[in-house]
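Reviewing the structure listed below.
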Amino acid sequence: MTMTARPRIALIAHDKKKDEMIALAREYLGFLQECSLCATGTTGGRLAKELGLAVERMHSGPVGGDLQIGARLVSGGIDCVVFLRDPMTPQPHEPDINALVRACDVHDIACATNVSTARLVLSQLMRSGAQA
Ligand SMILES: O=C(CO)COP(=O)(O)O
């Protein structure tokens, strides 16, 4: 994982995963306050409203938010993605979701798609920052 002084993290959650995203962000609040955050529209709105996080909001996922984050990632502007996908509910923008996850693999960007992995990735980023 490439580390930057201020990690640039994208946060995305499908509707049934948004409560988990809020709980995860609350767990890492102190760290996330020091990061540069972007998010899809509704996810970002909740993170800002419920936790007071400064987060750049892209469009909502179904209207292109995943693609905006993917484009930024391809340009080198994102260090890590936390994408809590809902594996049980079909999404109208499945191709966009797959494109974002594929872009992470193409560009070797850490992409946590469940809470357990997200904890490992965020903890590692925190430790790296503390050592820098
Ligand atoms: O659909 C999403 C990701 O694919 C998430 O979008 P919202 O955060 O706008 O709900």
Side-chain angles (χ1 to χ4, degrees):
M1 220 182 307
T2 309
M3 309 301 166
T4 61
R6 198 161 184 260
R8 300 162 299 178
I9 302 178
L11 301 169
I12 310 163
H14 287 145
D15 286 350
K16 289 183 185 162
K17 295 285 176 178
K18 283 187 172 65
D19 289 344
E20 283 179 52
M21 175 62 88
I22 295 296
L24 177 73
R26 185 172 279 122
E27 217 177 295
Y28 287 88
L29 191 58
F31 172 63
L32 292 175
Q33 283 166 342
E34 302 303 316
C35 296
S36 174
L37 304 177
C38 69
T40 46
T42 317
T43 304
R46 282 196 57 177
L47 289 165
K49 186 161 183 262
E50 296 174 38
L51 300 178
L53 278 169
V55 48
E56 181 184 359
R57 288 172 68 186
M58 308 296 196
H59 284 293
S60 186
V63 294
D66 305 77
L67 296 179
Q68 287 181 299
I69 290 172
R72 178 171 296 186
L73 182 152
V74 169
S75 305
I78 288 178
D79 300 312
C80 159
V81 176
V82 177
F83 190 171
L84 301 185
R85 293 187 294 179
D86 176 2
M88 305 303 282
T89 308
Q91 304 289 331
H93 56 305
E94 211 70 55
D96 300 7
I97 294 162
N98 291 334
L100 174 54
V101 174
R102 179 176 182 277
C104 290
D105 290 344
V106 169
H107 294 274
D108 192 23
I109 294 297
C111 179
T113 58
N114 59 60
V115 169
S116 295
T117 310
R119 284 201 183 102
L120 290 172
V121 171
L122 293 173
S123 298
Q124 175 62 32
L125 283 174
M126 258 172 78
R127 259 197 301 279
S128 308
Q131 281 162 13

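Every number for a ligand or one of its atoms is a count from 1 in the order of the listing. Everything quoted here is computed from the prediction, not taken from an experiment. Residues take their numbers from the sequence shown, with the count starting at 1.
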**Prompt:** Can you list the residues that meet the side chain to side chain donor-acceptor pair (under 3.5 Å) rule with Arg72, with sequence neighbours excluded?
**Reply:** Glu56
Note down each nitrogen or oxygen pair, ligand 1 side and protein side, whose separation is under 3.5 Å; give only atom names and the distance to 0.1 Å.
residue	atom	partner	partner atom	Å
ligand 1	1 (O)	His93	NE2	2.9
ligand 1	4 (O)	His14	NE2	2.8
ligand 1	4 (O)	Asp66	OD1	3.1
ligand 1	4 (O)	Asp66	OD2	2.7
ligand 1	4 (O)	His93	NE2	2.8
ligand 1	6 (O)	Thr40	OG1	3.4
ligand 1	6 (O)	Gly61	N	3.0
ligand 1	8 (O)	Thr40	OG1	2.7
ligand 1	8 (O)	Thr42	N	3.4
ligand 1	8 (O)	Thr43	N	2.8
ligand 1	8 (O)	Thr43	OG1	2.6
ligand 1	9 (O)	Thr42	N	2.9
ligand 1	9 (O)	Thr42	OG1	3.0
ligand 1	9 (O)	Ser60	OG	2.5
ligand 1	9 (O)	Gly61	N	3.3
ligand 1	10 (O)	Lys18	NZ	2.7
ligand 1	10 (O)	Thr42	OG1	3.4

**Ion pair check, Asp86 and Lys18, cut-off under 4.0 Å** = no
**Message:** Please give the remaining members of the hydrophobic cluster of Val81, linking ILVMFWY side chains under 4.5 Å, ordered by chain and number.
**Reply:** Ile12, Met58, Ile69, Leu73, Ile78, Phe83, Ile97, Leu100, Val101, Ile109
**Message:** Please enumerate all residues that pass side chain to side chain donor-acceptor pair (under 3.5 Å) together with Gln33, with sequence neighbours excluded.
**Reply:** none
**Message:** Could you walk me through whether Arg102 and Asp105 satisfy the salt bridge (Lys or Arg N to Asp or Glu O under 4.0 Å) test, starting with their C-alpha distance in whole Å, then the side-chain angles of each, then the deciding distance to 0.1 Å, before giving a yes or no?
**Reply:** CA-CA 5 Å; Arg102 179 176 182 277; Asp105 290 344; over 6 Å; no
**Asked** Taking everything shown except His93 itself, do over 12 heavy atoms lie less than 6.0 Å from its NE2?
**Response** yes
